[in-house]
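These notes are about the structure you will find just below.
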Amino acid sequence: MSPKIAVVTGGNKGIGYAIVDKLCSVFDGLIYLTARNEQLGLQAVQQLESSNPNASKKVNFHQLDITSVESIHHLAEFIKRNHGGLDILINNAAIAFKTNDITPFGDQAEITAQTNFFGTVNVCNALFPLLRDHARVVNISSRAGMLDSIKNPEIRHNFISPTATIESLSDILNDFIKKAKQDSHQDDGYPNSAYGMSKIALTAVTIIQQRIFDEKPNRDIVVNACCPGYINTDMTSNKGTGTPEQGADTPVYLATLEPHVKSPRGEFVAERKILKWKI
Ligand code: NDP
């Protein structure tokens, strides 16, 4: 029988690395630690092999830059050719500009959305056709992207409307980028956070993805978004209060939800509990 397969994006450091480490203990299958930088990815695998006795049998490296359609395509083709399917996808890779970064806000909005939202959606589009029955997908979002940080009720509604689609969410994010470049995004009720907006869109897309999976309930494919907590990594300039291992707990819990789990499905989860994201 072919082994179960997991893919973790942005696995070379931080929470992604800790997720791969934890999966080695709880997941009976092969794990692809992916990274955009091949050298950093291979170093991370080596480091895991020296610290985790399960890693040498379970962890492989594959290059993946989530902003490159070509790189995504290579990974999808590789998984299809070598394994025929995928059981766990953890969309962890993301960027956040530092608060003192002098890049114009409009550019920050565009670059952040291209990675955290459009890049992740492209990974999903390429890998979802490979998902096997009972597959679990985790979109690592953030409490920095709660829906109520959008002050405009119409935009909020459009994000969570039952008729929302991935395309309609993309349109909202593109409108945010346009307004951010004109410095009028706050006049329209958008938050003044490029990272926050990208994560709002990621949590909203999770709801839509589950709605689509639920069209074939027998396949029992589940996707959830989560916040890992405020974690000590490069992203937080090591100011977080939790360790990467703690940050990996909820993502790995969601990635290993038992077959036919009723809840959580299409939810926003933190510390293993469903949060009211839509308020
Ligand atoms: P880090 O900055 O430590 O790690 C981010 C990872 O994403 C790195 O491996 C980075 O690679 C990778 N990455 C960035 N861009 C790309 C890309 N285009 N293609 C592939 N990989 C990429 O962040 P964290 O570990 O803290 O964050 C992990 C996840 O958790 C993110 O989604 C983040 O938004 C989320 N999160 C984190 C919180 C925290 O407190 N730390 C709080 C809430 C959410 P490289 O090394 O090459 O830059």
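Counting starts at 1 for both ligands and their atoms, following the listed order. Throughout, numbering of the chain's residues begins at 1 and tracks the sequence.
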Distance-only donor-acceptor check, side chains K13 and T233, under 3.5 Å: no
Heavy-atom nearest neighbour in the protein, as seen from atom 30 (O) of ligand 1, with distance rounded to 0.1 Å: I140 CG2, 3.4 Å
Nearest-option assignment for atom 40 (O) of ligand 1, heavy atoms, candidates I231, D65, N37: I231
H134-D87 side chain donor-acceptor pair, cut-off 3.5 Å: no
Ligand 1 to G10 polar contact by distance, N or O atoms, under 3.5 Å: yes
For atom 4 (O) of ligand 1, closest protein heavy-atom neighbour: K13 CE, 3.7 Å
Nearest-neighbour protein heavy atom for atom 10 (C) of ligand 1, which is reported as residue plus atom name and distance: N12 OD1, 4.3 Å
Shortest protein contact, atom 32 (O) of ligand 1 (heavy atom only): N92 O, 2.7 Å
T9 heavy atom under 4.0 Å from ligand 1: no
P251, S141, G16, C227: member with heavy atom nearest to atom 44 (C) of ligand 1: S141
Just distance, no hydrogens or angles: give the donor-acceptor pairs under 3.5 Å from side chains in residues 29-37, sequence neighbours left out.
residue : atom : partner : partner atom : Å
Y32     : OH   : H83     : NE2          : 2.7
T34     : OG1  : V8      : O            : 2.7
N37     : OD1  : Q39     : N            : 2.9
N37     : OD1  : L40     : N            : 3.0

side-chain hydrogen bond (donor to acceptor under 3.5 Å, both in side chains) against T120, all qualifying residues, sequence neighbours excluded: none
Heteroatom distance test (T233, ligand 1): nitrogen or oxygen, under 3.5 angstrom: yes
Whether R143 lies under 4.0 Å from ligand 1, heavy atom: no
Non-hydrogen atom of P228 closer than 4.0 Å to ligand 1: yes
Close N or O approach (T236, ligand 1; < 3.5 Å): no
Residue and atom name of the nearest protein heavy atom (relative to atom 34 (O) of ligand 1), distance in Å to one decimal: Y195 OH, 2.5 Å
Protein residue, atom and distance nearest to atom 47 (O) of ligand 1, heavy-atom basis: R36 NE, 2.9 Å
For atom 19 (N) of ligand 1, the protein heavy atom that lies nearest, with its residue and separation: I66 N, 3.0 Å
Close approach, G242 and ligand 1, non-hydrogen under 4.0 angstrom: no
Location of contacts on N232 toward ligand 1, heavy atoms closer than 4.0 Å: neither
Backbone or side-chain N or O of G229 under 3.5 Å from ligand 1 N or O: yes
Residue of the set K178, K179, K151 for which salt bridge (charged side-chain N to carboxylate O under 4.0 Å, His left out) holds with D188: K179
Check: H62 ring centre within less than 6.0 Å of H74 ring centre: no
Heavy-atom nearest neighbour in the protein, as seen from atom 25 (O) of ligand 1, with distance rounded to 0.1 Å: I15 N, 2.8 Å
Heavy-atom nearest option to atom 14 (C) of ligand 1, drawn from A35, A94, A93, A270: A94
Y17 contact mode with ligand 1 (heavy-atom cut-off under 4.0 Å): neither
Among S142, S198, S141, the one residue meeting side-chain hydrogen bond (donor to acceptor under 3.5 Å, both in side chains) with N116: S198
